[in-house]
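Please read the structure below before turning to the comments.
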Amino acid sequence: MRILVIGSGGREHALVWKIAQSKLADKVFCAPGNGGIAGQAECLDIRAEDTGQLLDFARREKIDLTVVGPEAPLAAGIVDEFRRYKLGVYGPSKAAAQLEASKVFAKLLMDKYKVPTAAFGIFDNAHEAKKYIAKIGAPCVVKADGLAAGKGVVVAKTIDEAEQAVVSFMEERIFGDSGNKVIIEECLVGQEASILVITDSREVVALASSQDHKRIFDHDEGPNTGGMGAYSPAQVVTRELFKEILERIVYRTIDGLAKDGIEYCGTLYAGVMLTKEGPKTLEFNVRFGDPETQAILPRFKSDLVEVMLAASEGKLSRVRTLDWDERPCVCVVCASKGYPGDYEKGKEIFGLEEAAKLPDVVVFHAGTRRQKINDKWQVVTNGGRVLGVTGLGNTIKDAIESTYKAVDKIHFEGMHYRRDIGRKAVGSS
Ligand code: AMP
Ligand code: GLY
């Protein structure tokens, strides 16, 4: 099969790395890819948002399966376009992608089908939003309705902070139309977990649980990022909790969408808070998580292409069970100085080969680029999140140790990473 992966981050590198191992994959392309992906796939000079060119390429090159990594092309309807031309494509339709593209859509669906989530109010007017904040008090959570590159959520400790978020979303319009509506939510307390499933709307196969680390600094301090590290499995998600999350959150959501005439096909990601009253939904993503995927796929022993192909054809019942490596996996993100704010690019990265030589270690690239200087190739930084250094171990402690050993081999100017990835799980494995 000829397979095209769309995207350029660490998640896409993990997908390409796994797809390239499939016995079904003859040739893998990635648009646009990055400096690491170039080692396993032919990278194309086409942006992930350029649906027209991607479609032309897939038709011309007879691509059998296109796998869409990021949310933006899904929300723009790339899957509907590919299907119109009878091209094999893995990912949800534009209608189904609203689950991530509109938090208001997701909240209303959860309300309708009794999917547990934080109590909330929806507002299209800043004055009303502020009145509601005054009523429920702080802490509370303010969310922009639309896509905001993971930055549209403010967990406000004070009323002032919450009001400021409303002003920046609705009046200063820092995310444009994404802030036309806001959601004000009750603040939930507990540990977070990410539950990802693959579905064709009728059958659901669950991937191993994982836990992200969203804040930039150790001990969950500082601003939210796209994710500074992850580990799998998330030991807090016991077998019983996993079953409860599937039954009360995942199945109800997929069935609810189907009742409303929307088939969900692809990866569904439920971000869950494990509260004292049970698991509650924080958010849905309509794609694989980043960096969760980097921690999940090294443990995934089945053929991912077989599973995604079956889902894309509406024949997921073909897949009986998934095979997992029991060993835990840890992914530490190495980021550029300044991320999630402004940062510089173009810093040479050293030690990649030494790190990759360590046993059970894979270094996934996120924001990197290869460049040729004086006839010599070098890999340089090209984004905020630069690398996802990943390691397996017999226990979570071993996995943490082997991952950080690999991180120690790598260096670039201004490299920042968290030193506590996976620590919450130590002692429980
Ligand atoms: P989201 O993009 O909706 O997942 O939000 C980003 C992060 O904000 C989540 O991973 C949580 O850490 C936090 N968050 C979102 N909603 C809530 C909530 N209702 N209570 C507490 N924290 C929240
Ligand atoms: N790790 C969070 C996300 O993929 O949105």
Side-chain angles (χ1 to χ4, degrees), residues 7 9-12 14-15 69-72 74-75 97 99-107 110 115-121 133 136 138-157 161-162 165 169 175 178 182-196 207 209-216 220-232 234 249 267-277 279-297 331 333 335 340 364 366 384-385 388 418 421 424:
R11 162 186 52 215
E12 286 76 20
L15 285 167
E71 62 277 14
L74 293 166
L99 215 46
E100 177 169 357
S102 167
K103 290 186 193 291
V104 168
F105 175 89
K107 277 291 192 182
M110 287 191 267
V115 175
T117 187
F120 66 100
I133 290 169
I136 67 167
C140 67
V141 182
V142 182
K143 299 185 172 183
D145 175 36
L147 294 180
K151 294 177 187 148
V153 174
V154 173
V155 180
K157 291 201 186 85
E161 217 183 315
F169 293 169
F175 301 121
S178 284
V182 297
I183 295 167
I184 315 286
E185 258 183 32
E186 153 201 25
C187 190
L188 300 175
V189 180
Q191 278 216 53
E192 286 182 43
S194 306
I195 301 297
L196 280 73
L207 302 182
S209 65
S210 57
Q211 193 174 52
D212 190 6
H213 298 62
K214 288 221 163 74
R215 305 297 189 108
I216 185 77
D220 296 329
E221 285 178 21
N224 263 331
T225 68
M228 290 301 293
Y231 64 92
S232 171
I249 296 178
T267 306
L268 177 63
Y269 164 138
V272 174
M273 187 76 92
L274 304 171
T275 74
K276 279 196 194 119
E277 298 103 59
K280 294 193 182 178
T281 317
L282 289 169
E283 64 163 343
F284 288 113
N285 293 320
V286 297
R287 50 171 174 79
F288 286 98
D290 189 344
E292 288 92 333
T293 306
Q294 293 88 308
I296 292 172
L297 291 186
C331 170
V333 170
F364 293 119
R385 290 191 290 175
R418 277 182 61 161
I421 303 300
K424 277 189 200 138

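Each ligand, and each atom within it, is numbered from 1 in the order the structure gives. This one's a predicted model, so the numbers in the text were calculated from it and none came from an experiment.
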How close does the nearest protein non-hydrogen atom get to [atom], and which residue and atom is it?
atom	answer
atom 17 (C) of ligand 1	Leu282 CD2, 3.3 Å
atom 16 (N) of ligand 1	Lys143 NZ, 3.0 Å
atom 5 (O) of ligand 1	Val153 CG2, 3.5 Å
atom 13 (C) of ligand 1	Val155 CG2, 3.8 Å

Of all the atoms in ligand 1, which lie at a distance below 4.0 Å from a heavy atom belonging to [X]?
X	answer
Glu186	18 (C), 19 (N), 20 (N)
Cys187	20 (N), 21 (C)
Lys103	2 (O), 3 (O)
Ala118	19 (N)
Glu192	9 (C), 10 (O), 11 (C), 12 (O)
Lys214	10 (O)

Notebook entry, point to check: Which parts of the protein, at residue level, reach under 4.0 Å of ligand 2 through a heavy atom?
Noted result: Asp212, Gly226, Tyr269, Asn285, Arg287, Gly289, Asp290, Pro291, Glu292
Note to self: Please confirm whether Gly271 approaches ligand 1 to less than 4.0 Å, judged on its heavy atoms.
What the structure shows: no
Check: Does some non-hydrogen atom of Met273 fall short of 4.0 Å from ligand 1?
Finding: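 Distance cut 4.0 Å: Met273 passes for ligand 1.
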Margin query: Taking the side chain as everything from C-beta on, heavy atoms only, tell me whether Leu268 gets closer than 4.5 Å to Leu99.
Written below: yes
Notebook entry, point to check: Of the backbone atoms (N, CA, C, O) and the side-chain heavy atoms from C-beta on, which set of Val141 has a member under 4.0 Å from an atom of ligand 1: side chain, backbone, both, or neither?
Noted result: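 For Val141, the contact with ligand 1 is made by the side chain alone.
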Item checked: Side-chain (His213) to main-chain (Gly229) donor-acceptor, under 3.5 angstrom -> yes
Margin query: Tell me every residue that passes side chain to side chain donor-acceptor pair (under 3.5 Å) with Ser232, counting only those two or more places apart in sequence or in another chain.
Written below: Arg299
